[in-house]
Amino acid sequence: MKIAVCVKQVPDTTARKELTDDFRLNRASLDSVLNPFDEYALEEGIRQKEAHEGEVAMVTMGPASAEETMRKGLAMGADRGVLITDSALAGSDIWVTATALAAALRSGGYDLILCGQESADARTGLLPGALAEHLGLPFLSYVQKLDIEGSQLRVRRQLSGGYEVISANLPAVVMVVKAINEPRYPSLKGIMASKRKQVTKLDAGGLGLEPASLGIAGSRTEVVAATPRPAKEPGRMLTEPPSEAAKLIADFLAENKVIA
Amino acid sequence: MDFELSDEQRLIQQTAREFAEAEVAPHAAAFDQRAEFPYEIVSKMAELGLMGLPIPEEFGGAGADTISYALAVEELARADASVAITMAAHVSLGTMPFLLFGTSEQKEKYIPSLASGERLWAFGLTEPNAGSDAGATQTRASLGDGTWVVNGTKSFITNSGTRLTAGVTVTAVTGPSSNGHAEVSNLIIPAETEGFTVAKDYHKMGWRASDTHELAFQDARVPEENLLGERGKGFRQFLTILDGGRISIAALSVGLAQACLDASVKYARERTQFGKPIGSFEGIQFKIAEMATRIEHARLMTYKAAWLKDKGKDFAMAAGMAKLFSSRIATLAADEAVQIHGGYGVMEEYPVARYWRDVKIGEIGEGTSEIQKLVIARMLDL
């Protein structure tokens, strides 16, 4: 089984983020990590490979430095990496990103393409669907359990208050949620061995993409404004005696339908 | 000059940190209180590859460099010094002697199960009457009919009495030498050797979840081939082992000092007195700023010593200085951390009380601070 896991390099999730004048993330001063949501997709890919044999390739689009963050995935157990990197791709929106990833995935002959739920920086959660659309493959979203039998895929799809069971034919694109597994630590031996694993670099030309259709020029969406999230309002402090305060809290919870 | 860690070093640091925060720190206080060896944590460390981190891949280790090793020890100590010393003693005192001095048969026989962390190994140098004066070793071993017969006692031996312990390497006098000094050699004593007994665990002030015992040898017999490397090289061998061990203790002390700083900054922001967080007062700020500066200083010395070792350069003086300085500033950091916490600092509910009890051994174990100074002075031709 050939498994591809789409991953993204994101700023360290604990870092303070700043935007450039054209509302792009200022990455210059930030440490980067593997998108935490993608670790679940990667873990699932590695587990499926362990159960069904085959290989796991990580596929990413990003600056040349993204290779460094792919090391973690290679150390966890991915077999190789594919890095799409080209200055023409800078500023790409979801559409263009999906176009480029699809071009790289199409030629790979993958049976299963796994994605995380969203990226920890942009947090749109739109890419997996766009990717499936570009590739003309079935798309299974919000998956919390995944079983493969032969060329069939059977998943539990997370809903609010329950789940639905869906099956599909491989190849397919699957977006997984955090409930699906607990990602392993990269083993220290794996870290040392990751140096010997291959990361293939592809550019726009190599993928047969027209420069004019890429980056900001090719994007179909434009960020026109960005506003920091308003500061959280301070909570209300009750100074009444406990018996009165308890009643006020109960009323508040009932008002907000937390309790009936 | 380049202060950047390599990709592998950074990833090992990150992984060790995540592991220590998630798997070690939450249990540190409980194991410390019960003075209990954390078997489950050690088994998880083995699975991760920590127990054989700097051991070459051909023997089942991860083949990482000394800087990576120091980073891992530091991160573990930041969560729990007992866990850090368990790993560090196993690697640098238990396993390294085989790698550095063992015959190829000894390496193949002993290292793989130690590098995987499946078993632990200890090193016995200190005796009731031979501590800083290691030359005063009273343990004797005599060879006859292809068998060594060992008699003596060893004190404060880390990892010597766990269920995982496969044995201990001990220094023993094996005869007179040509220059009038005793001939010292190292002998490999498997745990199941008859005549080798492990006394009950010491009641310690710090590193309480680590395993430390007194060992007794009464006509303990091991085959002739259990001589580690060459006969009469025991003194030279343990000096080399201790040089490496000093980097362990330096890194461990840096990790502990960092834990003191982390706890102090957190508390200084939370604790309010006179209507303000105490971190807004200069008196507290100065303590914390000094603590942070000393830690940075100690960390640079420790990494430098590890770097020299990785480059194959002479690192003995750098390691001695790093150990001397890091263990001292860790003691100062713990002292200030308790002071910043005030009354709460004395309570075991806060981690700084444990740090305060844990730091002191850094100035004593694997060569006291006084011995480090002697070593440094000797290298300055005094």
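So you know, we letter chains A, B, ... as the sequences are listed, proteins then strands, and number each from 1. These figures come from a predicted structure and were not determined experimentally.
The two residues A:Tyr185 and B:Glu23 have their closest heavy-atom pair at OH-OE2, 3.1 Å.
Around the CD atom of B:Glu4, the shell of radius 6.0 Å holds no more than 12 heavy atoms that belong to other residues, nucleotides or ligands. Counted within 6.0 Å of NZ on B:Lys304, heavy atoms from surrounding residues, nucleotides or ligands total 12 or fewer; the atom is thus considered open. The neighbour count for B:Tyr39 OH, taken as heavy atoms of other residues, nucleotides or ligands under 6.0 Å away, is above 12.
The CD atom of B:Gln14 sits 8.0 Å away from atom CG of A:Asp12, with the distance rounded to the nearest 0.5 Å. Atom-to-atom distance recorded for A:Ile191:CD1 and B:Ile12:CD1 is 5.0 Å, nearest 0.5 angstrom. We find the CG-CE distance between B:Leu11 and A:Met76 to be 10.5 Å, quoted to the nearest 0.5 Å. Atom OG of A:Ser194 and atom CG of B:Asp7 lie 8.0 Å apart (nearest 0.5 Å).
The closest donor-acceptor contact from the side chain of A:Lys72 to the backbone of B:Thr15 lies at 3.5 Å or more, if one exists at all.
For the set B:Gly52, B:Ala64, B:Ala22, B:Ser68, the entry with the most heavy-atom pairs within less than 4.5 Å of chain A is B:Ala64.
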For this session: Kindly indicate, with the supporting measurements, whether the criterion side chain to side chain contact (heavy atoms under 4.5 Å, CB included) is fulfilled by A:Arg71 and B:Arg10.
Result: CA-CA 11 Å; A:Arg71 287 280 152 219; B:Arg10 196 171 18 246; over 6 Å; no

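Comment: A:Arg196 engages B:Glu57 in a salt bridge, judged by a side-chain N to carboxylate O separation of less than 4.0 angstrom.
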